[in-house]
Amino acid sequence: MSKEVRVRFAPSPTGPLHIGGVRTALYNYLFARKMGGKFLLRIEDTDQNRFVPGAEDYIKESLEWLGISPDESPWKPGDSAPYRQSERKTSYMQYALDLVEAGHAYYAFDTPGELEDMRERLTAARVVQPQYNSITRTQMKNSLTLPEDEVKARLASGEPYVIRVKIPRKEEVRLNDMIRGWVMVHSSTLDDKVLMKSDGMPTYHLANIVDDHLMNITHVIRGEEWLPSAPLHVLLYKFFGWTDTMPEFAHLPLLLKPDGNGKLSKRDGDKLGFPVFPLNWENKETGEKAAGFREQGYFSDAFLNFLAFLGWNPGGEREIFSLEELVDAFSVERIGKAGTKFDIAKAKWFNEQYLREKSNAELATYVVVDATAENITILPETAEAIASLMKGRVTFPSEIWQGCKFVVIAPAEFDQDIASKKWNTDAVSLLTAYAEDLEAFNGTIFDADTAKSMLGQAAEAKEIKLGKVMQAVRLAVTGVGAGPDLMEIFAILGTEEVAKRIRFALATLEVIG
RNA sequence: GGUCGGUUCGUCUAGGGGUUAGGACGUAUCCCUUUCACGGAUAAAACACGGGUUCGAUUCCCGUACCGACUACCA
């Protein structure tokens, strides 16, 4: 009988949640749902110096936007509360002391300056790996080298100290990563990492093991940057005697820069003009700003779909998956090993696919909002008609209004380039006739077909080939040379408005050549 | 430098001892068309290199190269 799957996403609140972190959260969510388990969120705020106000809310809002909210979190506590490491502070020291007691950790009193001296000394002596380890610790100030009474005295006097793990001199440490298979590391290459800092807070290494154990975490799905410290974590589970309940590990491939090499960073997004964060972010204190996918016009479901395929794929040829379908198709085995370059063009493509599936009514709400922002009133029916016309042609909802606002705002000026090429005597002659026909129109229904047949008849009467003057007709009514089906636009505008606009164009534009 | 990880079209990837190495994005061309798009069709485009193992390796093994992560009292 296997126990319930419990996974956690454990970001630290040091700024806006990076897209790589969002993907990690997503994979954790998908795995938990797939396995019928629980997805928890734990805030790793053991570094008081790096705390950024608002970062936690940002994490919460990001996950909510994507619809992958945790089952348990600081704002939705379950049995494993609390969910902030700063609130779990009291328990860590005892675990560290247990390790000291068992001989797997020790007190160290070295000052930052002394540590620096040690590294310099080692570097000067051409030691390949200047680190605090089984060799060098014998020359440092710690409870392994100092007499017992002196250690007690230093502790009693309140002298600052840290607790370091005592890495065994020679031992093969191995772990079976779900994505990478067996990884083996020799303990001699590991260093005596600090477990408890001098400010009384634990480091990530200690806190994450203690919390994962206490919270009954069964699988640790995290970024590849953690792989090098995974052997240390395995060792800690062993020292605590928790090997039999140690979670399984899965180290996710990194998200890389689109050009060149290296981890995707905020700078890359700024440079290439795309976001690397889910939501807009602003740090009021520092003035730091970052653009978000949501505000750029990406739909949460499209963004989620895109993200899911960055480093994973279900094996078939289908690419459009809803969240539920992703859950159904997900498996850790199908996560790739190699880093993934970030391709914003693909993200846009996903957004287009999703946009086309949205109802006109839904898209119309964007049009109304955008128009209102410009102090322009638009009828809901008009907004919907515009949405219908534009949905197949745009990537973002904001482009619907931007690309079709001439429906509501009659052109005051005209694209000079098109005018100089297409505004000829034939066009003037046809448009004059068409305007007259429109003004005389007394039918009840003026739809696209009617608009078109009337235009066709006018052209026939003047013996003008329609194809030659359509650009001019478009220019007269919309002011520009490109856009969705003109006759559909006419139908929205109505005979009166179309005639009025044609009259204005006729009066404004001069025939060239 | 050391440790660990990685390497299939430009990008994301499928595949896996014998395949015309498949798809998608992007790119190009053509078709459709009242423009621009959409859509449809077509095209160019990949197994990093060298050794093994094998009748046969892109696939398995070992090296090399290259790329990356880590190397803090940060996570």
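A note on names: the letters A, B, ... follow the listed sequences, proteins ahead of strands, and every chain is numbered from 1. Only a predicted model underlies this, so the values are computations on that prediction, with no experimental measurement involved.
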N or O in side chain of A:Asn313 less than 4.0 angstrom from B:A14 OP1/OP2: yes
Sugar-phosphate, base or nothing in reach of A:Pro484, heavy atoms under 4.0 Å: base
OP1 or OP2 of B:C73 under 4.0 Å from side-chain N/O of A:Arg164: yes
A:Ser134 side chain vs A:Arg169 backbone, donor-acceptor pair below 3.5 Å: no
Sugar-phosphate only, base, or nothing, as touched by A:Asp485 at under 4.0 Å among non-hydrogen atoms: base
Sugar-phosphate, base or nothing in reach of A:Val183, heavy atoms under 4.0 Å: sugar-phosphate
Quiz item: cation-pi between A:Lys358 and A:Phe299, 6.0 Å / 45°: yes
Touch class at under 4.0 angstrom, heavy-atom based, for A:Gly311 against every strand present: sugar-phosphate
Touch class at under 4.0 angstrom, heavy-atom based, for A:Arg126 against every strand present: nothing
Over 12 non-hydrogen atoms of neighbours within 6.0 angstrom of CD in A:Glu460: no
Distance-only donor-acceptor test, A:Thr203 side-chain atoms vs B:C73 base atoms, 3.5 Å: no
Evaluation steps, side chain to side chain contact (heavy atoms under 4.5 Å, CB included), between A:Phe293 and A:Val276: CA-CA 8 Å; A:Phe293 276 88; A:Val276 297; 5.6 Å; no
Sugar-phosphate, base or nothing in reach of A:Lys263, heavy atoms under 4.0 Å: sugar-phosphate
Sugar-phosphate only, base, or nothing, as touched by A:Gly315 at under 4.0 Å among non-hydrogen atoms: sugar-phosphate
Heavy-atom donor-acceptor pair, A:Glu319 side-chain to B:G23 base, under 3.5 Å: no
